[in-house]
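Positions are given from 1 along the sequence. Computed over heavy atoms, backbone and side chain alike; hydrogens, waters and symmetry mates excluded.
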Amino acid sequence: MDSDEHKRVFDPEHDTAALKALTHPLRIQLLGLLRQDGPATASELAARTGESSASASYHLRVLAKYAFIAEAEHRDGRERRWRALHTVTSWSNETMESTAAGRAFVSLARRRQIEHLERSLARHEADMAAGRLGQEWVEPSGISDLMPRLTAESLTELLDTVAGKLTELTARDADDPRAAHVVFLAAGLPLAAHDHADVDADHADTDPEDLKDSHPENPENPENPDSTDAP
């Protein structure tokens with residue numbers, strides 16, 4: 001799954017134009033659809049995205065110019081079909097951090113991934129409700145929201161372990177007719193500890209009565225704003 005021929009690795013010093021081309025939200029969406037659902041025409045992709053065929057066709061040509069996609073085999077001679085050239089777009093965070101263009105792209109790409117998760121959740125729920133997915137998918141489906149304390153080395157090890165296991169399982173299930181496309185997003189976003197002095201300063205002009213009333217049901221044990229319950 002992550003072999004070199006299936007991976008597009010960005011170098012911010014040499015791929016500036018390609019990075020800029022991929023910052024357009026529709027192009028990211030079109031590339032994602034081709035990777036997820038396979039080859040398609042501009043008209044088919046326009047219908048899925050709500051864009052015009054002319055707009056989809058233009059942005060597909062831009063993606064082809066920078067070697068993200070290429071023409072696929074045609075079913076007929078009337079309209080060209082496009083296919084993704086890679087299953088994964090990858091980069092070194094450290095390398096991308098060295099240029100303004102690289103930093104901007106990584107930030108945008110991460111936000112597009114969150115949007116992809118939102119669209120995928122809506123599609124998953126609709127597929128389950130309509131019976132397009134079997135009941136065997138009910139239990140393993142979900143989103144985990146965890147906040148472990150890890151070192152940078154442990155976070156790297158965790159992500160490498162997950163990536164390795166995912167490659168192994170993808171290869172194992174490649175020819176299994178029961179397999180389905182699974183949207184799997186893994187995030188590791190370290191957070192700095194709150195500076196309590198700054199927090200106190202933020203509330204320096206706040207009336208004590210307002211603070212007390214902010215949690216009327218349990219004023220002595222307010223909620224921890226950094227904790228969330230996993231679904």
With a cut-off of 3.5 Å and sequence neighbours excluded, list every side-chain donor-acceptor pair involving residues 175-185.
residue: D176; atom: OD1; partner: R178; partner atom: N; Å: 2.9
residue: D176; atom: OD1; partner: R178; partner atom: NE; Å: 3.1
residue: D176; atom: OD2; partner: R178; partner atom: NE; Å: 3.3
residue: D176; atom: OD2; partner: R178; partner atom: NH2; Å: 2.8
residue: H181; atom: NE2; partner: Q36; partner atom: O; Å: 3.0

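For S52, there are no side chain to side chain donor-acceptor pair (under 3.5 Å) partners two or more places apart in sequence or in a different chain. Remark: R132 engages D127 in a salt bridge (charged side-chain N to carboxylate O under 4.0 Å, His left out) (not counting sequence neighbours).
P39 and A72 get closest at one heavy-atom pair: CB-CB, 4.0 Å. The two residues A40 and L34 come nearest to each other via the heavy atoms N-CD2, 3.8 Å. Across all their heavy atoms, A67 and L85 have their closest contact at O-CD1, 3.4 Å. When every heavy atom of P148 is checked against every heavy atom of L146, the shortest pair comes out as CD-C, 3.5 Å. The shortest heavy-atom contact between V9 and D15 is O-OD2, 3.8 Å. Minimum heavy-atom separation, L19 to P12: CD1-CA, 3.8 Å.
A cation-pi contact links R8 to F68, judged by a cut-off of 6.0 Å to the six-membered ring centre and 45° from its axis.
In the hydrophobic cluster analysis, where Ile, Leu, Val, Met, Phe, Trp and Tyr join through side-chain heavy atoms closer than 4.5 angstrom, V162 is grouped apart from L169. Y58 and L30 fall within the same hydrophobic cluster, where Ile, Leu, Val, Met, Phe, Trp and Tyr residues are linked whenever their side-chain heavy atoms come under 4.5 Å apart, directly or through other members.
Taken to the nearest 0.5 Å, the CD1 atom of I114 stands 9.5 Å off from the CZ atom of R110. Atom CZ of R35 sits about 10.5 Å away from atom CD1 of I69, to the nearest 0.5 Å. Taken from CH2 in W82 to CG in L31, the straight-line distance is 12.5 Å, to the nearest 0.5 Å. Rounding to the nearest 0.5 Å gives a distance of 13.5 Å between CG of L155 and CZ of R149. Going from atom OG1 of T41 over to atom CG of L60 covers 9.0 Å, rounded to the nearest 0.5 Å. Rounding to the nearest 0.5 angstrom, the gap separating the OG atom in S141 from the CD atom in E125 is 10.5 Å.
Under the 3.5 Å distance criterion, with hydrogens and angles disregarded, a donor-acceptor pair is assigned to the side chains of S107 and R111. Of the N and O atoms on the side chains of S57 and R61, at least one donor lies less than 3.5 Å from an acceptor on the other residue. No donor-acceptor contact under 3.5 angstrom links the side chains of T170 and T167, judged on distance only.
A salt bridge links E44 with R81: at least one charged nitrogen is closer than 4.0 Å to a carboxylate oxygen.
Of the possible donor and acceptor atoms, none in the side chain of H86 sits under 3.5 Å from a partner among the backbone N and O of V88. Between the T156 side chain and the A152 main chain, a donor and an acceptor come within less than 3.5 Å of each other.
Remark: E136 CD is packed, more than 12 non-hydrogen atoms of other residues, nucleotides or ligands lying under 6.0 Å away. E115 CD: more than 12 foreign heavy atoms inside a 6.0 Å radius.
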From CA spacing to verdict: side chain to side chain contact (heavy atoms under 4.5 Å, CB included), Y66, L22: CA-CA 9 Å; Y66 293 103; L22 202 57; over 6 Å; no

Trace of the side-chain hydrogen bond (donor to acceptor under 3.5 Å, both in side chains) decision for T151 with S154: CA-CA 5 Å; T151 63; S154 293; 3.1 Å; yes

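Under the 30°/60° scheme for interplanar angles, the aromatic rings of W91 and F105 are found to stand perpendicular.
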